[in-house]
Protein chains: 2
Amino acid sequence: MHTIESTTGLRERKKRRTREALVRCAQELFALQGYEGTTVDEIAAAADVSQRTFFRYFAGKEDVALAVQRMIESHILAAVCARPAAEPPLTALRSAVVECWDGIGEAIESVVPLELYVRTYRMIQETPQLLAAHLRRLAELEDRLTDEIARREGLPAEDPRPRILVAAFSGVMREVGKRWGDLLDGDMEGFRQRTAAYLDQIGPALAENWRS
Amino acid sequence: MHTIESTTGLRERKKRRTREALVRCAQELFALQGYEGTTVDEIAAAADVSQRTFFRYFAGKEDVALAVQRMIESHILAAVCARPAAEPPLTALRSAVVECWDGIGEAIESVVPLELYVRTYRMIQETPQLLAAHLRRLAELEDRLTDEIARREGLPAEDPRPRILVAAFSGVMREVGKRWGDLLDGDMEGFRQRTAAYLDQIGPALAENWRS
DNA sequence: GAGATTATGGCAGCCGCTGACACTCGACAA
DNA sequence: TTGTCGAGTGTCAGCGGCTGCCATAATCTC
């Protein structure tokens with residue numbers, strides 16, 4: 001039962017453990033006393049390192065709060081890139097996001113309990129500073145997804161259609177995510193169905209007239 | 001030639017002038033030495049007030065950098081709300097944004113020179129912290145636009161179609177805005193045409209298959 | 001094991017931001 | 001005009017996020 005850890009040096013293993021300890025301690029403290037109510041010194045002390053060391057692992061307090069989000073984003077991007085080239089763009093996005101959800105759940109659990117993460121997610125939506133940083137990252141993810149769609153379809157970078165499609169897709173995912181945070185439970189299956197249902201509304205939403 | 005100023009008290013006029021002086025000084029300093037290279041103390045000193053007073057006018061350094069953006073956002077929202085109820089949703093958004101552009105140009109010029117604002121706009125795109133705050137505000141604008149569209153169409157808040165439409169629209173506007181910043185000139189007419197052309201791509205972008 | 005490399009801690013300091021308090025000056029009535 | 005009231009301002013002290021610098025301690029390489 002040799003994992004990757006046993007093959008790497010002691011140094012890297014220690015770094016990895018320190019990093020994960022910081023993420024876990026941070027999320028626990030955030031859950032207890034809120035984001036602004038928690039100082040970096042407290043997080044560092046809880047993980048038993050100096051404040052200076054904290055800033056060697058994370059660019060800032062925001063960064064540690066969004067650490068898990070970053071993982072999720074890279075999972076989604078990878079899943080889209082893995083879709084067969086024959087699929088139409090929207091189908092690829094939809095399939096990727098629906099399929100990779102289980103993997104994401106596991107990836108989260110390997111760092112923090114799912115329930116704790118849900119609390120963090122809600123905190124991100126409610127804290128202006130964190131929401132801003134989160135949206136900026138999502139914009140970056142949109143850029144990458146746009147590039148990937150354009151590549152799949154063999155389109156030049158000037159073609160606006162990939163960007164528009166990704167924007168609509170991303171808007172739907174933001175909305176779905178918001179509702180997931182409200183639910184507070186980790187009901188993955190129900191969430192997947194809701195995601196699919198919302199994505200099916202993209203076509204109708206752009207119809208000329210909804211009243212007919 | 002009595003303007004609004006002459007009808008309000010001296011006190012309010014002074015406040016207004018101080019606020020605008022802070023915005024103008026801030027933008028000039030940002031243009032000269034960048035966002036991070038400019039301290040709040042410098043801005044306050046340039047506007048001849050204390051640092052403490054600066055923070056009575058603006059919630060933070062971000063806030064003064066995005067002051068003009070906020071004006072633009074409220075213009076757009078107002079323009080959408082003013083569209084006749086008979087127009088289909090996307091038409092209303094498109095018409096509003098195309099039509100209100102001149103008014104926005106004038107509103108900007110009344111506070112800072114247009115050329116200086118263009119520099120500020122580029123700075124926002126390039127400075128992570130500012131971009132994040134900007135995107136958060138755009139998300140709020142999306143919320144308001146979504147509500148307005150749902151209201152116009154008489155739809156319940158759960159219907160995802162307004163949100164999706166606004167997301168696609170907003171994605172297009174972000175992209176157009178990005179290119180406007182790159183151009184660096186204040187060519188409003190060309191910009192309006194480009195906006196219209198991009199918005200016309202929303203339909204095609206959602207087609208099942210682009211290759212046909 | 002010696003030396004090179006890398007992670008860590010402690011310190012000093014800048015900057016964004018806030019609360020508390022005193023002061024100035026415009027607003028408004030007597 | 002004058003006196004009072006309150007809004008706007010400046011000053012000061014202080015917290016918390018964040019960084020550069022240097023010394024120390026841990027790991028890696030040979």
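Below, chain A is the first sequence line, B the second, and so on; all start at residue 1. Worth knowing before you read on, the calculation uses all heavy atoms, side chains too, and leaves out hydrogens, waters and symmetry mates.
- Remark: A/Thr53 is in phosphate contact with C/dG9, judged by side-chain N or O atoms under 4.0 Å from OP1 or OP2.
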task: Determine, stepwise, if the pair B/Ile108 / B/Val112 fulfils side-chain contact (heavy atoms from CB on, under 4.5 Å).
output: CA-CA 6 Å; B/Ile108 296 173; B/Val112 291; 4.2 Å; yes
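- Across D/dG20, C/dC17, D/dG10, the shortest atom-to-atom separation from the side chain of B/Lys61 is found for C/dC17.
- Protein atom CZ of B/Arg13 is 16 Å distant from nucleotide atom C1' of D/dA7, rounded to whole Å.
- A close approach under 4.0 Å does not occur between any side-chain nitrogen or oxygen of A/Tyr57 and OP1 or OP2 of C/dA7.
- Listed here is the closest heavy atom pair of A/Gln201 and B/Pro160: CG-CG, 3.6 Å.
- Of the candidate nucleotides D/dG10, C/dA7, C/dC17, D/dG10 has the atom lying nearest to any side-chain atom of B/Arg56.
- Both B/Phe58 and A/Arg52 lie close to DNA chain C; mapped to their nearest nucleotides by heavy-atom distance, the more 5′-ward contact belongs to A/Arg52.
- With B/Arg161 contributing its side chain and B/Ala150 its backbone, the two residues share no donor-acceptor pair below 3.5 Å.
- Minimum atom distance to the side chain of A/Phe55 is reached by D/dT19, of the listed D/dT19, D/dT11, C/dC17.
- At whole-Å resolution of the value, NZ in B/Lys15 and P in C/dC25 are 18 Å apart.
- Going from atom NZ of B/Lys14 over to atom P of C/dC25 covers 8 Å, rounded to whole Å.
- Of the two residues contacting DNA chain D, namely A/Gln51 and B/Arg11, the nearest-nucleotide position lying further toward the 5' end is that of B/Arg11.
- Across every non-hydrogen atom of B/Tyr121 and B/Gln69, the tightest pair is CD1-NE2, 3.0 Å.
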